[in-house]
Amino acid sequence: MKLRSSFVGLLTLALMAVAGCGGADEPTTASGGSGAPAGGSGLEKTTINIGTMPVVDTAPLQIAMEKGLFKAEGLEVKPSVLAGGAEAIPKLKGGSLDISFGNYVSFFSATAKGAIDLKIVSDGFQSAPKTHVIMVPKDSPIQTVADLKDKTIAVNTKRNISTMLIRVAGKAHNIELDEDKNFAEFPFPEMEGALKAGTVDAAQVVEPFGTFIAQNIGARVVWDTSQGPTADFPIAGYAATSEFVAANPKTVAAFQRAMSKAQELAADRANVVAVIPKYTKIPAAAAGSLAIGAFPTTLDATRLQRVADSMHEYGLLDAPIKAQDLIFAGR
């Protein structure tokens with residue numbers, strides 16, 4: 001599809017960007033205390049390949065690189081930009097990635113199906129108002145979620161966090177949405193063009209795309225999925241294979257300590273706004289207007305169980321799973 005919005009070109013370029021590493025801060029444990037000796041003492045592996053995405057959710061990873069938090073733990077991080085969480089699975093399994101960012105639905109689903117044996121090693125992002133929204137063209141007759149019945153909705157990937165959030169919203173409005181009949185896959189940068197051309201009736205978007213689609217074509221939000229049963233919903237985190245964790249527990253624990261400190265720094269919105277233009281090419285002025293969610297500093301099995309339970313309810317898991325069994329607690 002040829003996109004007519006010049007801004008989409010900018011966003012596409014943003015998907016190719018990635019930040020480098022900087023200075024150094026003191027390492028901390030996942031609970032904020034003092035950690036293992038810095039400088040890589042005792043680490044099984046000092047250079048690790050990390051899968052990431054140029055979205056708001058990964059700001060702490062960029063902060064950790066820029067502030068030298070990994071370096072302080074004796075780690076050299078080599079980031080690799082991914083198009084989506086599903087792409088992380090084969091790369092983790094094949095060993096080209098050691099740890100990767102991705103949405104919990106994709107991680108839990110792949111593990112439950114036996115495609116890969118994963119451990120969640122760090123929390124990443126939690127939804128907040130306006131971070132995950134359903135949008136329609138400004139002149140669309142769709143006014144509520146109930147009006148989405150029998151409509152086509154753009155999502156970046158089927159059977160992942162996006163479709164689950166929409167289906168939860170649909171159930172709250174007494175409609176059932178089908179994974180195959182109601183959803184069409186489009187990369188986030190192409191959703192503006194799809195809405196403008198009428199290829200889809202609605203789109204589920206994340207920041208920064210929601211803000212800019214509204215600015216460019218006047219698209220409006222019909223439902224913010226960060227409310228009701230999915231308010232403050234766990235969206236994404238970082239995972240490694242169980243094999244990698246078992247072979248490199250000290251390395252993974254060092255990663256956890258650096259990420260915990262970075263997640264703490266991301267609680268200050270100014271730190272997130274400052275780093276976003278450095279790895280997404282989004283202008284600083286635009287970054288300041290984005291909706292930003294929360295960045296949990298610890299892995300909480302009770303929180304992540306919400307994801308697993310919702311997946312089972314909506315048929316994304318054949319049987320219940322315990323989130324606790326997928327968490328690497330660190331050492």
Side-chain angles (χ1 to χ4, degrees), residues 5-25 28 32 50-72 77 79 81-82 101-103 122-133 135 156 161 188-189 191-192 204-216 219 221 224-227 231-238 258-298:
S5 169
S6 61
F7 183 77
V8 173
L10 176 60
L11 286 180
T12 301
L13 290 175
L15 291 174
M16 302 303 295
V18 70
C21 299
D25 281 354
T28 63
I50 307 295
T52 185
M53 294 177 230
V55 291
V56 173
D57 311 27
T58 60
L61 179 69
Q62 305 300 324
I63 290 172
M65 290 190 288
E66 183 177 274
K67 299 290 186 182
L69 302 182
F70 293 124
K71 183 178 179 181
V77 167
V81 180
L82 307 176
F101 175 82
N103 73 83
S122 175
D123 208 334
F125 188 74
Q126 176 177 295
S127 71
K130 299 182 180 180
T131 60
H132 297 72
V133 297
M135 304 187 77
N156 70 321
I161 189 69
F188 286 122
M191 289 185 183
E192 178 181 322
Q204 195 275 341
V205 298
V206 300
E207 289 288 57
F209 303 99
T211 292
F212 294 125
I213 290 174
Q215 293 175 351
N216 290 343
V221 174
D224 185 337
T225 61
S226 301
Q227 59 181 299
D232 302 321
F233 203 72
I235 300 296
Y238 295 82
M259 283 301 299
S260 179
K261 178 62 176 178
Q263 298 274 111
E264 289 178 4
L265 292 175
D268 183 343
R269 180 184 173 89
N271 289 331
V272 178
V273 169
V275 79
I276 285 174
K278 299 178 182 179
Y279 71 99
T280 67
K281 301 298 183 182
I282 294 170
S289 65
L290 299 178
I292 297 175
F295 304 95
T297 58
T298 59

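When every heavy atom of Asn271 is checked against every heavy atom of Leu265, the shortest pair comes out as ND2-O, 2.8 Å. Closest heavy-atom contact between Val205 and Gly210: CG2-CA, 3.6 Å. The shortest heavy-atom contact between Asp57 and Phe101 is CB-CZ, 3.5 Å. Taking both residues in full, the closest heavy atoms of Ser226 and Thr131 are given as OG-OG1, 3.5 Å, listed atom of the first, atom of the second, then distance. Of all the heavy atoms in Asn216 and Glu192, the pair that sits closest is ND2-OE1, 3.0 Å. The nearest pair of heavy atoms linking Met53 to Gly102 is CE-CA, 4.1 Å.
Note: Lys67 NZ to Lys261 NZ = 10.0 Å, rounded to the nearest 0.5 Å. Distance check, rounded to the nearest 0.5 Å: OH of Tyr238 to CG of Leu61 gives 4.5 Å. For the atom pair CG of Leu69 and CE of Met259, the computed distance is 9.5 Å after rounding to the nearest 0.5 Å. To the nearest 0.5 angstrom, Phe233 atom CZ is 10.5 Å from Gln126 atom CD.
In this structure, the side chains of Phe125 and Val55 stay at 4.5 Å or more apart for every pair of heavy atoms. Side-chain contact between Ile292 and Val273: present, with at least one pair of heavy atoms (C-beta onward) separated by less than 4.5 Å. Within the 4.5 Å cutoff, no side-chain heavy atoms of Pro277 are placed close to those of Ile282. Using a 4.5 Å heavy-atom threshold, the side chains of Gln227 and Pro129 count as separate.
A salt bridge links Glu66 to Lys278: one of the charged nitrogens lies within less than 4.0 Å of a carboxylate oxygen.
Ring geometry for Phe209 versus Phe188: interplanar angle under 30°, hence parallel rather than tilted (30 to 60°).
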Thr211/Glu207 under side chain to side chain donor-acceptor pair (under 3.5 Å): CA gap, chis, key distance, verdict: CA-CA 7 Å; Thr211 292; Glu207 289 288 57; 2.6 Å; yes
May I have the step-by-step check of side chain to side chain contact (heavy atoms under 4.5 Å, CB included) for Tyr279 and Thr58, ending in yes or no? CA-CA 10 Å; Tyr279 71 99; Thr58 60; 3.3 Å; yes
Begin from the C-alpha positions of Asp123 and Gln263 and carry the test side chain to side chain donor-acceptor pair (under 3.5 Å) through to its verdict. CA-CA 9 Å; Asp123 208 334; Gln263 298 274 111; 5.7 Å; no
Under the side chain to side chain contact (heavy atoms under 4.5 Å, CB included) rule, what do Leu82 and Thr52 come out as? Steps first, then yes or no, please. CA-CA 6 Å; Leu82 307 176; Thr52 185; over 6 Å; no
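A distance-only check finds no donor-acceptor pair linking the side chain of Gln62 to the backbone of Ala59 [under 3.5 Å].
Applying side-chain contact (heavy atoms from CB on, under 4.5 Å) to Val133 and the options Val206, Thr225, Ile213, Asp224 leaves one that passes, Asp224.
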